[in-house]
Amino acid sequence: MIHAKLKEAIQAYNGELIELRRKFHSEPELSFEEYKTTAFVCEYLENLGISYQKTEPTGVIATIEGGRQGDTVALRADMDALTVEELNKDLPYASKEEGKMHACGHDAHTAMLLIAAKALNGIKDELPGNVRLIFQPAEEVAAGAKVMVEQGAMDGVDNVFGIHIWSQMPTGTVSCTPGPSFASADLFTVTFKGRGGHGAMPHDCIDAAIVASSFVMNVQSVVSRTIDPQQPAVLTVGKMTVGTRFNVIAENAVIEGTVRCFDPAVRDYIQQQLSQYAEQVAAIYGATAKVDYTRGTQAVINNEYSAKLVQKTAAEAFGTEVIHHEKPTMGGEDFSEYMMKVPGSFALVGSGNPEKDTQWAHHHGKFNVDEDALATGAELYAQYAWAYLNK
C-alpha cells in the first residue's frame, strides 16, 4: 500500500536529504557525545511542528500524531560516529574532526529519518495511528538502544522498524529476510597469572605468555569441534597483552575477544566452555585464570510478518527487482533491544557502487555512501510506517 504523496515528497526533498547527510558526515560525534546532532534534530523537528523529547545525555524521541486513532509504529535511526580516521580527504564533506568519522552510515540513517519524518508529517491527518521517531545515540558501543528504551522510546509502541545502509549490497537494493539478521555480540576478558622471572631461568617461572598462547590456539576448537556446524558461531581473540620486557618471563597475560552467534543455547555453551578452557589450560602450567564475560547485544531476529511487509512495501515502491536476500551477518546491532519489546524488522539498503568507490567495508577509513541510496532508505522508512498503520 504505497502512498503517492510520500513518494513525491521524498523525491522533492532529495536535494535536502543529501545536504543533511553531508552535514552530519562532516561533523561526526562519538557515542553519547552527539550533542550538536541532537540539537540539530530537535530544531529540525520543532520547525516541522513535531513534538519531541530530548533524552539524556543525547538522543531524541518524537511522535507524529495521526489524524485517526490506531497503532503506533516506531522508526529508528542511530546517530553516532566512530574513532576512525577518514581517508577520503578529497571529499568536500569529509570529516572535520581528526580521528573521528561516520564510517558506518549513521549519518545517512539520521538524514533519511528526518526526511521521512518531514514527508509523513505532511500527510499526518491521513495517518490511522502514530509514528514514533527514535534518533538513537551510542549504537557503536551497544548501549544507546537500552538507554532509549529506559527513557520511554517504546512506550505505547506496537511495532518497530529500522534501516542500515549496507555497502556490501548494490545501491538501491533492499534486504529484509524473516529470521536471523544480526548476531548476538558478547565480550570476554581472560586474565592469566603465572610467575615471572629472568628470561634466562625459565625453570624458576610459570610463563604467562605460553599459557595465553596455548589458550588462544586451543579455544578455537570450542566452535570447530563442539558446536553443530549448522549453527553459526564465531569466537575471535582480538587483543593479547603479555609481558613487560624482552628478557623477562611474563607473569601476567590478558586476552580480550568477542563471541557471535544466533542461538541462545549456543551462546550459553560457549560462555561456559570459555571458562572451562581457561581454567584447564592454566592448570596444565600451574597458573591461574580469571574470566570476565559480558553479554552485549542480543541477536536481531526479524519478525516474519514485519519482514514480509518490508519486502512487499519495497517491491511496490521500487519494483520487485530491488528485493535482495542478504545472508545473516555475524555483526552486532543493538536494535535488538527494541525487538525485545515488540515485533519488528531491520532492513538493509544497499549503497555499494564500485563506480563511485562506495563498496568499502563498514568501519573502514574509505567507507562512503552512494547518495543515490538515500532516497530509497528515506522512502522505505515512510512507506513502511504507512503500510503498517494501514495493515
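Computed from a predicted model, the values in this text were never measured in an experiment.
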Query raised in the report: More than 12 heavy atoms of other residues, nucleotides or ligands under 6.0 Å from NZ of Lys327: is that the case?
Result: no

Query raised in the report: In terms of side-chain geometry, is the basic nitrogen of Glu251 or Arg195 positioned less than 4.0 Å from the acidic oxygen of its partner?
Result: no

Query - Donor-acceptor pair, side chain of Asp80 and main chain of Glu140, under 3.5 angstrom - result: yes

Query raised in the report: Counting only N and O atoms by type, is there a donor-acceptor contact under 3.5 Å from the side chain of Ser181 to the main-chain atoms of Thr177?
Result: no

Requested in this report: Can you measure from CE (Met339) to CG (Asn159) and round to the nearest 0.5 angstrom?
Outcome: 8.5 Å

Query - Pair Phe192 and Phe215, ring centroids less than 6.0 Å apart - result: yes

Report task. Decide, yes or no, whether a salt bridge links Glu333 with Arg76 under the criterion of side-chain N to carboxylate O below 4.0 Å. Result -> yes

Requested in this report: Answer whether the closest heavy-atom distance between the side chains of Val147 and Thr55 falls below 4.5 Å.
Outcome: no

Query raised in the report: Do Ser336 and Gln298 meet the criterion of a side-chain donor-acceptor pair at a distance under 3.5 Å?
Result: no

Report task. Look at the rings of Phe346 and His164 and say which category their plane angle falls in: under 30° parallel, 30 to 60° tilted, over 60° perpendicular. Result -> perpendicular

**Report entry** Cation over ring face, Lys391 and Tyr388, 6.0 Å, 45°
**Finding:** yes

Query raised in the report: Would a distance-only check, ignoring hydrogens and angles, find a side-chain to backbone donor-acceptor pair under 3.5 Å from Asp186 to Thr258?
Result: no

**Report entry** Glu27 side chain near Lys96 side chain, heavy-atom distance below 4.5 Å
**Finding:** yes

Report task. Give a yes or no on whether the backbone of Phe367 and the side-chain of His362 come within a donor-acceptor separation of less than 3.5 Å. Result -> no

Query raised in the report: With distance as the sole test, does Ser345 use its side chain to make a donor-acceptor pair with the main-chain N or O of Phe161 at under 3.5 Å?
Result: no

Query - Check: Ile323 main-chain N/O paired with Gln311 side-chain donor or acceptor under 3.5 Å - result: no

**Report entry** Polar side chain donor-acceptor pair, Ser275 to Tyr293, under 3.5 angstrom
**Finding:** no

Requested in this report: Ignoring hydrogens and angles, tell me if any N or O in the side chain of Arg132 forms a donor-acceptor pair with the backbone of Asp155 under 3.5 Å.
Outcome: yes

Requested in this report: Would you confirm whether Ser167, through its side chain, and Ser351, through its main-chain N or O, come within 3.5 Å as a donor-acceptor pair?
Outcome: no

Report task. Determine, for Glu19 against Lys23, whether the closest basic-nitrogen to carboxylate-oxygen distance falls under 4.0 angstrom. Result -> no

Report summary line: Heavy-atom nearest pair, Ile134 first then Ala74, reads CD1-CB, 4.1 Å

